[in-house]
Asks: 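One structure, pasted below without further comment.
Below, read A as the first sequence line, B as the second, and so on, with proteins coming before strands; counting in each chain starts at 1. All values reported here derive from a predicted model rather than from experimental measurement.
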Protein chains: 2
Amino acid sequence: MGPIRALLSDAELTEQQWRVLRVVQESGDIDPTQISERACLLLPSLTRILQKLDDRGLIERQKDLEDRRRQIIRITPAGEQIIDDNLGASLAVIAQTRAKMGAEKYEALLDLLNELNRSEPSKAD
Amino acid sequence: MGPIRALLSDAELTEQQWRVLRVVQESGDIDPTQISERACLLLPSLTRILQKLDDRGLIERQKDLEDRRRQIIRITPAGEQIIDDNLGASLAVIAQTRAKMGAEKYEALLDLLNELNRSEPSKAD
DNA sequence: AGATAATACTTAACATGTGTAGCAAAAATT
DNA sequence: AATTTTTGCTACACATGTTAAGTATTATCT
């Protein structure tokens with residue numbers, strides 16, 4: 001099993017839920033569209049994830065009074081607690097993977113993936 | 001949408017179904033476990049995919065008489081036809097991606113992904 | 001102003017990823 | 001030979017990926 005998944009299963013969180021929670025925590029007040037961009041999730045997936053995180057009280061939502069289509073998402077103390085409990089181990093797993101592969105190769109891989117991501121999505125030559 | 005997905009949607013095939021079909025076509029008689037290895041799919045996913053391909057008559061199954069836990073999977077003429085109809089365009093998309101990124105970078109990316117794959121799965125240092 | 005289009009989601013439907021459990025058959029053990 | 005373990009799948013449950021459709025609200029156009 002993916003080492004990150006193993007970590008998070010104790011907290012009853014999936015990797016994507018964890019990613020969303022981290023984005024919300026790092027960004028402060030943020031709306032779903034921006035979360036979806038930063039977490040690389042499509043909106044339908046994000047909708048479901050936010051519902052689950054909301055049900056568990058890890059985030060809270062507030063309607064945007066100026067544009068009532070929008071919401072503002074924010075992490076709760078319970079959500080912060082889960083971040084605190086798992087961030088260290090999560091970063092350690094990443095560091096271990098990076099070390100195992102070699103820092104240079106790891107960075108090269110990330111660069112190439114970003115390049116692929118830039119060159120593929122818009123097929124408009 | 002992924003260019004391969006767009007291609008295959010005409011044939012009502014998903015990318016994974018396509019991958020399985022290609023593995024079966026290239027390998028001749030083959031059992032599900034080997035398909036799952038070559039197509040990088042876990043068995044529960046493969047089970048469902050094989051059922052769908054079987055329902056559509058693109059593959060056929062035969063019981064292994066020597067080991068009755070096993071099956072032998074084989075592509076049908078209808079399956080071959082779908083390969084014939086889509087292989088060229090599929091290879092062209094791959095070639096285009098490769099060209100767009102640059103052959104060297106593309107190869108480097110594949111190498112690094114393989115390396116990551118080798119170093120991660122077994123966390124047994 | 002009123003019709004139209006665009007935006008920000010949400011819902012739905014289907015396919016796959018993934019962990020767990022189940023089941024039959026074969027292999028290994030005692 | 002009888003029991004246990006392993007193997008090769010299959011079934012289930014839940015989460016996400018993905019496309020299409022729906023809804024409410026805002027922006028634009030005429």
Side-chain angles (χ1 to χ4, degrees), chain A residues 1-21 23-24 29-56 58-59 61-73 117 120-121 123, chain B residues 1-21 23-24 29-56 58-59 61-73 117 120-121 123:
Chain A
M1 185 164 57
I4 299 273
R5 264 204 300 292
L7 260 180
L8 297 172
S9 68
D10 289 344
E12 305 264 299
L13 273 185
T14 67
E15 291 159 306
Q16 289 83 342
Q17 291 165 2
W18 170 252
R19 200 158 73 248
V20 169
L21 199 57
V23 166
V24 173
D29 292 12
I30 186 173
D31 61 83
T33 297
Q34 291 190 0
I35 296 173
S36 76
E37 287 167 8
R38 298 199 196 181
C40 295
L41 290 169
L42 295 178
L43 271 171
S45 292
L46 183 64
T47 294
R48 286 177 304 214
I49 292 171
L50 289 177
Q51 286 167 346
K52 284 165 197 156
L53 295 178
D54 195 1
D55 289 346
R56 292 180 57 183
L58 305 183
I59 60 163
R61 319 163 94 132
Q62 179 185 319
K63 290 182 179 173
D64 184 328
L65 299 179
E66 310 198 346
D67 184 340
R68 296 189 320 210
R69 294 169 299 187
R70 284 206 173 92
Q71 319 168 25
I72 298 166
I73 310 292
N117 191 42
E120 261 297 316
K123 295 261 308 165
Chain B
M1 184 165 56
I4 300 272
R5 264 205 301 291
L7 260 180
L8 296 173
S9 66
D10 289 343
E12 306 263 299
L13 273 186
T14 66
E15 291 159 307
Q16 289 83 344
Q17 290 165 3
W18 170 252
R19 197 158 75 247
V20 168
L21 198 58
V23 166
V24 173
D29 291 12
I30 186 173
D31 61 83
T33 297
Q34 290 189 3
I35 297 173
S36 76
E37 286 168 8
R38 298 198 197 181
C40 293
L41 290 169
L42 295 179
L43 271 172
S45 293
L46 183 64
T47 294
R48 287 176 304 213
I49 291 171
L50 289 176
Q51 286 167 345
K52 284 166 198 157
L53 295 177
D54 195 0
D55 289 346
R56 291 180 55 184
L58 306 182
I59 61 163
R61 319 163 94 131
Q62 179 185 319
K63 290 182 180 173
D64 184 328
L65 299 178
E66 310 199 346
D67 183 340
R68 296 191 320 210
R69 294 169 302 185
R70 286 205 172 94
Q71 318 168 29
I72 297 166
I73 309 291
N117 190 41
E120 260 296 315
K123 297 259 311 165

Asks: Identify which nucleotide among dT16(D), dC9(C), dG19(C) has an atom closest to any side-chain atom of S45(A), counting heavy atoms from C-beta outward.
Replies: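 Side chain of S45(A) sits closest to dT16(D).
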
Asks: Starting from P on dT23(D), measure out to CZ on R68(A) and report it in whole angstrom.
Replies: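 So the two atoms are 18 Å apart, to the nearest Å.
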
Asks: Round to the nearest Å and state the distance from I73(A) atom CD1 to dC9(C) atom P.
Replies: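 Going from CD1 in I73(A) over to P in dC9(C) covers 8 Å.
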
Asks: If you check every side-chain atom of L43(A), which of dC9(C), dT16(D), dT16(C) has the closest atom?
Replies: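 Nearest listed nucleotide: dC9(C).
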
Asks: Rounded to whole angstroms, how far apart are CG on D67(A) and C1' on dT23(D)?
Replies: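 Those two atoms, CG and C1', are 14 Å apart.
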
Asks: What is the separation between atom CD on E12(B) and atom P on dA13(C), rounded to the nearest whole Å?
Replies: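 In whole Å, dA13(C) P lies 18 Å from E12(B) CD.
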
Asks: Under 4.0 Å between a side-chain N or O of T33(B) and OP1 or OP2 of dC9(D)?
Replies: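 So the side chain of T33(B) is within the cut-off, an N or O lying under 4.0 Å from OP1 or OP2 of dC9(D).
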
Asks: For the pair made of CD1 in I72(A) and C1' in dC9(C), what is the distance, rounded to whole Å?
Replies: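 Interatomic distance, CD1 of I72(A) to C1' of dC9(C): 14 Å.
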
Asks: Under 4.0 Å between a side-chain N or O of Q71(B) and OP1 or OP2 of dT10(D)?
Replies: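 Q71(B) to dT10(D) OP1/OP2: side-chain N or O found under 4.0 Å.
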
Asks: Side chains of L21(A) and L58(A): does their closest heavy-atom pair fall under 4.5 Å?
Replies: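 They are in side-chain contact.
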
Asks: Of the non-hydrogen atoms in A11(A) and R56(A), which two are nearest, and what is the gap between them?
Replies: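 Shortest heavy-atom contact: O-NH2, 3.1 Å.
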
Asks: So which one's nearest nucleotide on DNA chain D is more toward 5', L46(A) or L65(A)?
Replies: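 First, find each residue's nearest nucleotide; the 5'-ward one identifies L46(A).
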
Asks: Classify the nucleic acid contact of Q34(B) as base, sugar-phosphate or nothing, counting any heavy atom under 4.0 Å across all strands shown.
Replies: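 If one applies the 4.0 Å heavy-atom cut-off, Q34(B) turns out to touch nothing in the nucleic acid.
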
Asks: Could you check E66(A) against L41(A) and say which one's nearest nucleotide on DNA chain D is further toward the 5' end?
Replies: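 Checking each residue's closest nucleotide, the 5'-ward one belongs to L41(A).
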
Asks: What I'd like to find out is whether the side chain of T33(B) reaches to under 4.5 Å of the side chain of L46(B), using heavy atoms alone.
Replies: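 Heavy-atom side-chain distance check fails, nothing below 4.5 Å.
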
Asks: How close or far is atom P of dA27(C) from atom CZ of R70(B), stated in whole angstroms?
Replies: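 After rounding, the reported distance stands at 9 Å.
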
Asks: Mind checking whether L53(A) and L13(A) have side chains closer than 4.5 Å, heavy atoms only?
Replies: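 Touching, per the 4.5 Å side-chain cut-off.
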
Asks: Ignoring backbone atoms, establish whether K52(B) has a side-chain N or O less than 4.0 Å from OP1 or OP2 of dT16(C).
Replies: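 Answer yes for this pair, as a side-chain N or O of K52(B) is under 4.0 Å from OP1 or OP2.
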
Asks: Take R5(A) and L50(A), find for each the nucleotide of DNA chain C with the closest heavy atom, and name the residue whose nucleotide sits nearer the 5' end.
Replies: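 Counting from the 5' end, the first nearest nucleotide belongs to L50(A).
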
Asks: If I take atom CD1 in residue I49(B) and atom P in nucleotide dT10(D), what distance separates them, rounded to the nearest angstrom?
Replies: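 Rounded to the whole Å, the gap is 13 Å.
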
Asks: For R19(A) and dT16(D), what is the distance between atoms CZ and P respectively, to the nearest whole Å?
Replies: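 Atom-to-atom, R19(A) to dT16(D), this comes out as 10 Å.
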
Asks: Record whether the side chain of R48(B) comes under 3.5 Å of the base of dG17(C) through a donor-acceptor pair of N or O atoms.
Replies: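 It does, because a donor-acceptor pair links the side chain of R48(B) to the base of dG17(C) below 3.5 Å.
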
Asks: Once you apply a heavy-atom cut-off of 4.0 Å, does T47(B) come out as touching a base, just sugar-phosphate, or nothing?
Replies: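 Base contact.
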
Asks: Check this one for me: any side-chain N or O of Q17(A) less than 4.0 Å away from OP1 or OP2 of dT16(D)?
Replies: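 Affirmative; the distance criterion is met.
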
Asks: What are the two closest non-hydrogen atoms of I49(A) and Q16(A), and how far apart are they?
Replies: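 That would be CD1-CB, 3.8 Å.
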
Asks: Counting only side-chain nitrogens and oxygens, does R69(A) get under 4.0 Å of the OP1 or OP2 atom of dT26(D)?
Replies: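 For dT26(D), neither OP1 nor OP2 has a side-chain N or O of R69(A) closer than 4.0 Å.
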
Asks: Among dT18(C), dA15(C), dA20(D), find the nucleotide with the atom closest to the side chain of T14(B).
Replies: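 Ranking dT18(C), dA15(C), dA20(D) by closest atom to the T14(B) side chain puts dA15(C) first.
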
Asks: Testing the basics here: between Q71(B) and P32(B), what is the closest heavy-atom pair and its distance to 0.1 Å?
Replies: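 In terms of heavy atoms, the two residues are closest at O-CD, 3.8 Å.
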
